[in-house]
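Remarks on the structure that follows.
Reminder, nothing fancy here: chain letters follow the sequence lines and each chain counts from 1. For the numbers below, each heavy atom of this structure counts, side chains included, while hydrogens, waters and symmetry mates do not.
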There are 4 protein chains.
Amino acid sequence: MIEARPVRRQARGEKRISEILDAALALFAENGYEATSTNAIAARAGMSPGSLYQFFWNKEAIAEALSTRMIEGLRSAHGSAFDADAVASLPLVELVNRMIDPLVAFNVANPGGKALFGNTDMPARLAEATRPLQDAVIGRVAAVLAVRAPSLPTADRERAALVAVQIVKAMMGPVVAADGAERNALTREMKAAVAGYLARMDEID
Amino acid sequence: MIEARPVRRQARGEKRISEILDAALALFAENGYEATSTNAIAARAGMSPGSLYQFFWNKEAIAEALSTRMIEGLRSAHGSAFDADAVASLPLVELVNRMIDPLVAFNVANPGGKALFGNTDMPARLAEATRPLQDAVIGRVAAVLAVRAPSLPTADRERAALVAVQIVKAMMGPVVAADGAERNALTREMKAAVAGYLARMDEID
Amino acid sequence: MIEARPVRRQARGEKRISEILDAALALFAENGYEATSTNAIAARAGMSPGSLYQFFWNKEAIAEALSTRMIEGLRSAHGSAFDADAVASLPLVELVNRMIDPLVAFNVANPGGKALFGNTDMPARLAEATRPLQDAVIGRVAAVLAVRAPSLPTADRERAALVAVQIVKAMMGPVVAADGAERNALTREMKAAVAGYLARMDEID
Amino acid sequence: MIEARPVRRQARGEKRISEILDAALALFAENGYEATSTNAIAARAGMSPGSLYQFFWNKEAIAEALSTRMIEGLRSAHGSAFDADAVASLPLVELVNRMIDPLVAFNVANPGGKALFGNTDMPARLAEATRPLQDAVIGRVAAVLAVRAPSLPTADRERAALVAVQIVKAMMGPVVAADGAERNALTREMKAAVAGYLARMDEID
DNA sequence: GATGAATGAGGATTCATTCAT
DNA sequence: AATGAATGAATCCTCATTCAT
């Protein structure tokens, strides 16, 4: 009744958590959040339904953790792409490359992210848990714009960042779904769209 | 025994079908596809669950019909925006206006659309049922490009159309969610992004 | 999501509700509240689990309804036993007879009541829902005492009523469990205990 | 393979068993038998669930042991209250005092008892496991009556003992739940009820 | 054509119990 | 002796769908 359940975080725990998240990511990608059953996640992760709940309070918590892991993954995928001097000095096209290439690589390696973001079909509480990722990314782009287009009013800057992010998000589906030459072509167009749009707010080039 | 249920299309039938679709659209928009129960749709449509099934084989069929109705709605919303001479002679910015303004108006008036498109959280079969809308729209834009940039290879043209459509879709959520001045600002940016991108493939301006 | 579920109370509804309550009473009596599954109740009531929930929001609601039905049953079982002049004029022994005989008859006919009252093993909320019955009965006895022993302070009167009721409750289990001559003997002793105790507060005899 | 698990009774074992029973008693009192999980018992006893099962075969066994420990506790609580000459020579009121006062003290100190006795909400097998306590107490009272009212037929004597015990059990809940002056008042009434009832079978007074 | 009661499989979650370490 | 991760059956409840009226 009081139930502490400290959400295992030890040694072997990390591995199992990871297995659960992998399974969940795959299934969310295939069938969506709602249509994915916790029993299915457990089965795919090679454990019993009961074990799942030793690591997560409930289904939402899994999606939340997935979202968190995604943020961290993105951050490390970007590496030094957002370093102050890179941001300040690079030509726009090169900057866009540095931002988008790791994103594409990350999404190709982690299909299923799309099930988590920009998806209306999940409990309201979860949608909010998913927000940080969104906001983190937009914030990063806005920070870039703050350096590149310092005279732009904050509101405009945030809006522009949103637009850039939305374009990337929207194109990521087709990019991930395609492969080979077509994937490259789509990636090129995505970059063109983003760079073209941002060029308008950018004093330098 | 051989189950006829010929999907009613008669007199009063049309009206009831419409009521069901209205109810479904509203609920999908509020809670998403999976979280919307057929009983809730029936209730909101002012009929019994049994009656609902006299018009649709199952829940998916409702979403499919919604998708179809959406295509038609979009088509009529666009009116003469895609007329041959409009497409051939208008300045790009004006053409984009004629394409996007009705879309925004339509989506603001039908806020359930987002639950149906670009949402992974539905049975795979449904996601496919939803494709025609997508394709219809892309096809229309590709046709425009065929006129404006006739020298562009077909593959590039289709890809460009996809990009344009994705940008619009991606921005539609934020646009519909915002209101007043911010909605206008977002719409303006959406148009700028699309026009900016298409300008590259467009010989004229 | 909004879900009205007006808890069926119509024509045939009453019958089914009654069947559910009968089944629940029997099972609660056999296995207790917690150990009785809603599926088992439905099965014993000859319906599917889903149907059960057309009449009751959840398991607690069934116990609540059972408690309510019990109060009404007791009231009607007592008939005119608590009429003003009966209460005022009857010899104590006869009064006790009129109070206890219907209770014994009722409990023999409705075994299982014991699972609902004075049982700690149920959600706190339920325990409270069950209180009214308890209080109703004690209140009735206190009212009798108010007539028979008007000089007794209210607190003492309520306490005495509680004692009388507790004795009856405590003996009811053995009485119901026994049968034939032993049941009669136990009933006689229960009455003796109650009458003996009340005689002390009673001016007349 | 032949499953030994000899129910540890050694050195440190006794201490751990005691801790388990303490934890179980507290939790049964708080939440009832069914709602108390073995994991919660283990946690409260400061050990792992696995360890718990080294001392008890299952949940029922814990309740059984608790019942046994209760009998012993009661016995020692009563001390010399049932000594032959005390029983034979004391005025009834004083005898009742000597029997009931330790019981009240014991129950106030061990408020979990009520979850174990007179509670229908436990598996039938457990209810029986709980019987010995009941019977032990009744037997003791019957023995008293055998001395005080030797001419009473055995059956009547046992029945009278049952009544007395039931009264005490029934009042124990309210007594334990109350405190201060009200607890005293309730205890006084409990004694009055018991003494009043027994006086009828008692030749002396 | 319509109704709405009825169905029952399925989903999230818990918990008594086991077993590898 | 002890641990605590693992198990999986069982629970309450929902909902897409059917069918008698």
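- E:dT14 atom P lies 15 Å from atom NZ of D:K59, rounded to whole Å.
- Spacing between atom CZ of D:R16 and atom C1' of F:dA1 amounts to 9 Å, rounded to whole angstrom units.
- The C:Q54 side chain lies nearest to E:dT7 when the options are F:dA1, E:dT7, E:dT3.
- If A:N39 and A:M47 are placed on DNA chain F by their nearest nucleotide, the residue sitting closer to the 5' end is A:M47.
- Where B:P49 and A:G46 meet DNA chain F, the nucleotide closest to each residue was compared, and A:G46 sits on the side nearer the 5' end.
- If you take CG of B:L52 and C1' of F:dT17, they are 11 Å apart, rounded to a whole angstrom.
- Put simply, CG on B:N31 is 15 Å from P on F:dT14, counting in whole angstrom units.
- Mapped onto DNA chain E by nearest heavy atom, C:S51 and D:T38 fall at different nucleotides, with C:S51 at the one closer to the 5' end.
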### Query
Which dot-bracket string fits DNA chain E when only Watson-Crick or G-U wobble pairs with both atom distances under 3.5 Å count, crossing pairs get [ ], and | stands for a partner on a different strand?
.||||||||||||||||||||

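- Checked for salt-bridge contact, C:R44 and C:E30 meet the test: a charged N lies under 4.0 Å from a carboxylate O.
- Atom-to-atom, OH of A:Y53 to P of F:dT11 comes out at 17 Å; the value is rounded to the nearest Å.
- In this structure, B:E19 CD and B:S51 OG are separated by 10.5 Å, a value rounded to the nearest 0.5 Å.
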### Task
Show your reasoning for whether side-chain contact (heavy atoms from CB on, under 4.5 Å) applies to B:K59 and B:Y33.
CA-CA 9 Å; B:K59 195 179 169 182; B:Y33 173 79; 3.8 Å; yes

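- Atom P of nucleotide F:dG4 and atom CZ of A:F55 are separated by 13 Å, given to the nearest angstrom.
- Atom P of nucleotide E:dT18 and atom CZ of D:F56 are separated by 15 Å, given to the nearest angstrom.
- By the side-chain contact (heavy atoms from CB on, under 4.5 Å) test, A:N39 pairs with A:S37, A:P49, sequence neighbours left out.
- When all heavy atoms are compared, the tightest approach of C:W57 to C:Y53 is O-CD2, 3.6 Å.
- Going from atom CD of D:E34 over to atom C1' of E:dC15 covers 12 Å, rounded to whole Å.
- Between C:S48 and E:dT7 there is a side-chain N or O to OP1 or OP2 distance below 4.0 Å.
- With A:T36 contributing its side chain and A:G32 its backbone, the two residues share a donor-acceptor pair below 3.5 Å.
- Interatomic distance, CG of B:L52 versus CZ of B:R16, reported as 9.5 Å (0.5 Å rounding).
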